[in-house]
Q: 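Below you'll find the structure I mean.
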Amino acid sequence: LLSILLVVYDKEISVHAQGTGAAWTTGLEDAKIESATSEVLGLPVSSAMPTEPHGHVFNPNLVQFNDSGAQFPSVRHLPFGPKRYIYAYQTRADPPKHMKVFEQRPLADCLVMSFARQLSTPPPSLNVVYHFGPGTSWTTGRNEMLRFIKARELNQGWKYEYIILMDDDIIFKTKKPLETFENFLQDHQPAVGGASIPARDGAKAPRKGAVMPVCAFDALFNAFHHEVVDVLLPYDQRYEKMSWYCSQQDIIMRSSAMYKGHILELRSVAIHNEDHSDYPKGKRNARFRAAKEQQARFEKLVPEPIYRCSRWPCEWDRLNGVVLKKSWDYGNPLANPAAQEEKICPHRGPVFGAEEKKYLDFGFNLHGNDTKGFVNTRPIFPI
């Protein structure tokens, strides 16, 4: 039945907008197809095609790419399919043995992208797909994996509920980590989901069953809800030669502003990374300038009060708001009830307290004036 539905969907689809508000329709009606498909598979029904503004309208990074619509097309109109998740990571050559845990998940596929040498052996199962991305860096590699996943979704005729991007050196310190993490994603439906890193959080960080609302989250292991992909991704490549930190600091700033309370970290799943390779980190002042420029681009695309949240530091101990389960369309940040009621970020942020000062070394304070040591006033990439 699924095969029939997807074939008919592919042949009959004819999306068009009608008047103000862009009412979207298809030859056989998206909603009916998605509902029938989901009923067969026991999956949640996909979101309907949205009214404008949506998705790419709020994304300042697409202008970096030629023909970005073809490279990173929206797949929102596609139904869900037999797999809810796709785990994706880049590695130098052969997949590390400890990463094989991602290859046999019943509701997930796994993308392995090598950048130094094309893999010669076939994938171990139908759940795994190999891709070669020669010469990519951390950021350009993640964007290449995103491009590949988007093309895969279009080709297969259905989308994943979560795209989970990660590094190849992560080690889990928890029993049944993926089962626990996937259950968390289904229960809370975060805009972005992550796991605990004990080396960063400290020994006293809550563990069992604790879900924490955060803003400053490590890029080591990030799950992006399908509705936020068009808004947040691809990563900002502008500053890659200067510092690999800048692409994630852009994700942190924008996601924390638009999805406060929906950036959730599952503290009962603990991970750490074994390897720490050399890569461009950049000077603090340069990263500060990059962050200021990223913030300015973002504020051109979103209104008050949302852009007031694009600040640093977060609240105490990386926390940001309260834990909220999904209740609105992540593809349209303007639909956030907290934003509509102007209850988020009523000002640029508090004066630095003792707990906040420890984050200053990360590189930027976006809610205040330029730091005393900031002397490079020349734009890196003019707005």
Q: For D230, check salt bridge (charged side-chain N to carboxylate O under 4.0 Å, His left out) against everything at least two apart and list the hits.
A: K150

Q: Are F217 and L324 linked, directly or through intermediate hydrophobic residues, by side-chain heavy-atom contacts shorter than 4.5 Å (ILVMFWY only)?
A: no

Q: Please walk me through it: do K173 and I271 pass side-chain contact (heavy atoms from CB on, under 4.5 Å)?
A: CA-CA 6 Å; K173 293 294 185 180; I271 59 177; over 6 Å; no

Q: Nearest 0.5 Å please: distance from the CG atom of N61 over to the CZ atom of R238.
A: 5.5 Å

Q: Which atom names give the shortest non-hydrogen contact between S74 and H56, and what distance separates them?
A: N-CE1, 3.9 Å

Q: Taking only residues two or more places apart in sequence or in another chain, which ones pass ring pair (Phe, Tyr, Trp, His ring centres under 6.0 Å) with F65?
A: F72

Q: If we check side-chain contact (heavy atoms from CB on, under 4.5 Å) with L266, which of these qualifies: L185, T174, V211?
A: V211

Q: Return each pair, listed once, that meets salt bridge (charged side-chain N to carboxylate O under 4.0 Å, His left out) where at least one residue sits in residues 95-105; pairs must be two or more places apart or across chains.
A: R105-E182

Q: Apply the test side-chain contact (heavy atoms from CB on, under 4.5 Å) to residues E161 and Q189: give CA-CA distance (whole Å), side-chain angles for both, the deciding distance (0.1 Å), then the verdict.
A: CA-CA 10 Å; E161 194 173 351; Q189 292 281 295; 2.9 Å; yes

Q: Please list all pairs meeting salt bridge (charged side-chain N to carboxylate O under 4.0 Å, His left out) that have one or both residues in residues 120-146, counting only residues at least two apart or in different chains.
A: R142-D167, E144-R147

Q: With sequence neighbours excluded, what pairs up with R92 under the salt bridge (charged side-chain N to carboxylate O under 4.0 Å, His left out) test?
A: none

Q: Regarding Y130 and Q118, is there a side-chain donor-to-acceptor distance under 3.5 Å anywhere?
A: no

Q: Is it the case that T140 and Q237 place a side-chain donor and acceptor less than 3.5 Å from each other?
A: no

Q: Salt bridge (charged side-chain N to carboxylate O under 4.0 Å, His left out): which pairs involve residues 121-133, sequence neighbours left out?
A: none

Q: If you take all heavy atoms of N143 and P234, which pair is closest and at what distance?
A: OD1-CB, 3.2 Å

Q: For D236 and Q64, test the side chains for any donor-to-acceptor distance below 3.5 angstrom and give the result as yes or no.
A: yes

Q: Would you call D250-R297 a salt bridge at under 4.0 Å N-O?
A: no

Q: Take N59 and L62, measure what side-chain contact (heavy atoms from CB on, under 4.5 Å) needs, and give me the verdict at the end.
A: CA-CA 7 Å; N59 193 323; L62 290 171; 4.1 Å; yes

Q: Please list all pairs meeting salt bridge (charged side-chain N to carboxylate O under 4.0 Å, His left out) that have one or both residues in residues 109-122, counting only residues at least two apart or in different chains.
A: K83-D109, D94-R117, D109-R152

Q: Do L178 and V269 have side chains that approach each other closer than 4.5 Å (heavy atoms only, starting at C-beta)?
A: no

Q: Could I get the full list of ring pair (Phe, Tyr, Trp, His ring centres under 6.0 Å) partners for F132, not counting sequence neighbours?
A: none

Q: Between Y85, F80, W158, Y162, which is the residue that forms a ring-ring contact (aromatic ring centres under 6.0 Å, His included) with H226?
A: F80

Q: Taking the six-membered ring where the residue is Trp, are the ring centres of W138 and Y235 under 6.0 Å apart?
A: yes

Q: Run the side-chain contact (heavy atoms from CB on, under 4.5 Å) test on I171 and H98 for me, step by step, so that the C-alpha distance in whole Å, both residues' side-chain angles and the decisive distance to 0.1 Å come before the verdict.
A: CA-CA 7 Å; I171 301 292; H98 66 270; 3.6 Å; yes

Q: With Q104, which residues qualify under side chain to side chain contact (heavy atoms under 4.5 Å, CB included), at least two apart?
A: S125

Q: Ignoring hydrogens, what is the shortest heavy-atom contact between Q90 and S137? Give both atom names and the distance.
A: OE1-O, 3.4 Å

Q: To check you understand the geometry: which heavy-atom pair defines the closest contact between G331 and P333, and what is its length?
A: O-CD, 3.6 Å

Q: Transitive ILVMFWY cluster of F115 at side-chain heavy atoms under 4.5 Å: who else is in it?
A: none

Q: Apply ring pair (Phe, Tyr, Trp, His ring centres under 6.0 Å) to Y330 and list each qualifying residue two or more places apart in sequence or on a separate chain.
A: H225, Y259, H262, W328

Q: Test salt bridge (Lys or Arg N to Asp or Glu O under 4.0 Å) on E227 and K326 and set out the steps.
A: CA-CA 11 Å; E227 289 179 357; K326 187 178 187 301; 3.1 Å; yes

Q: When L233 is tested against each of L146, I163, V228 for side-chain contact (heavy atoms from CB on, under 4.5 Å), which residue passes?
A: L146

Q: Hey, is D329 close enough to R76 for a salt bridge, meaning N to O under 4.0 Å?
A: yes

Q: Considering residues at least two apart in sequence or located in another chain, which fulfil the ring pair (Phe, Tyr, Trp, His ring centres under 6.0 Å) criterion with F221?
A: F172, F181

